[in-house]
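Heads up: the structure comes next, in structure tokens.
From a predicted model like this one, the values you see are computed outputs, not experimental measurements.
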Amino acid sequence: TVPKTADPDVVEGGFKIIGGALSVPSTRGVESIEKMAFAVGSEIIAAEHRERTIGCDPIDDACARGFITKRGRQIWRRPLSAEETSRLFDLFTAVKTRLDNPLAGIEFVTAALVQSPHFIFRRELAADGRYTNYALVSRLSFLL
């Protein structure tokens with residue numbers, strides 16, 4: 001069963017807090033996020049959605065890499081680094097091998113993307129204190 005919500009929003013000074021520096025999810029909240037992430041992963045690999053969400057057969061490693069690159073960019077609101085892509089592909093490979101099921105690998109990768117702080121929290125400023133192009137677009141999308 002999938003919970004309807006994670007932790008309630010935290011309000012400080014009349015504003016909802018959505019930053020990791022000011023708000024920390026509870027244990028229950030983390031468990032809820034995990035359940036929701038795997039529910040999303042399950043929907044991604046469902047037969048009726050597979051053509052639209054994956055678009056190819058994940059038994060082929062190129063398909064899995066393409067999925068990670070495309071969906072990772074959408075979910076994290078920015079391109080993934082080579083290291084991030086490699087770690088997620090390693091997760092895919094481990095799950096695919098262990099369970100002998102490439103779709104399970106896609107499900108776990110999706111859950112990892114959705115549970116990540118890169119999805120849950122918004123990091124807008126780059127190391128030099130400037131907005132990246134992706135951060136500006138993300139900020140604008142949340143404003144709208």
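Here Thr69 pairs with Thr85 under the side-chain contact (heavy atoms from CB on, under 4.5 Å) rule; sequence neighbours left out. With sequence neighbours left out, the side chain to side chain donor-acceptor pair (under 3.5 Å) criterion links Glu48 to no other residue.
When all heavy atoms are compared, the tightest approach of Ile45 to Leu103 is CG2-O, 3.4 Å. When all heavy atoms of Pro58 and Pro102 are compared, the closest pair comes out as O-CB, 3.6 Å. The shortest non-hydrogen separation linking Leu91 to Ala112 is CD2-CB, 3.8 Å. Nearest heavy-atom pair across Ile120 and Val114 is CG1-O, 3.8 Å.
Formation of a donor-acceptor pair under 3.5 Å by the Glu34 side chain with backbone atoms of Val30 is not found in this model. The backbone N or O of Asp57 sits nowhere less than 3.5 Å from a side-chain atom of Arg50 that would complete a donor-acceptor pair. At least one donor-acceptor pair under 3.5 Å links the side chain of Ser32 to the backbone N or O of Arg28. A donor-acceptor pair under 3.5 Å is absent between the side-chain atoms of Ser86 and the main chain of Ala82, judged by distance alone. A donor-acceptor contact shorter than 3.5 Å links the side chain of Arg77 to the backbone of Phe119.
Residues Ile106 and Leu99 share a single hydrophobic cluster, defined by chaining ILVMFWY side chains whose heavy atoms lie under 4.5 Å apart.
Listed by first and then second residue, the ring-ring contact (aromatic ring centres under 6.0 Å, His included) pairs involving residues 46-78 are Trp76-His118 (not counting sequence neighbours). Contacts classified as salt bridge (charged side-chain N to carboxylate O under 4.0 Å, His left out) and involving residues 94-105 (residues at least two apart or in different chains) are given here: Asp61-Lys96. Sequence neighbours left out, not one pair with a member in residues 101-112 passes side chain to side chain donor-acceptor pair (under 3.5 Å). Judged as a disulfide (SG to SG under 2.5 Å), not a single pair has a partner in residues 74-116 (not counting sequence neighbours).
We find that Arg78 and Glu84 are joined by a salt bridge, their nearest charged nitrogen and carboxylate oxygen being less than 4.0 Å apart. In this structure, Lys35 does not pair ionically with Glu31, as no charged nitrogen and carboxylate oxygen lie closer than 4.0 Å.
Within the model, atoms CD1 of Ile44 and OG1 of Thr53 stand 4.5 Å from one another, a figure rounded to the nearest 0.5 Å.
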field: Worked check of side-chain contact (heavy atoms from CB on, under 4.5 Å) between Phe38 and Gln115
entry: CA-CA 9 Å; Phe38 275 98; Gln115 290 178 77; 3.8 Å; yes
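Looking at Leu80, Leu113, Val40 one by one, the single match for side-chain contact (heavy atoms from CB on, under 4.5 Å) with Ile75 turns out to be Leu113.
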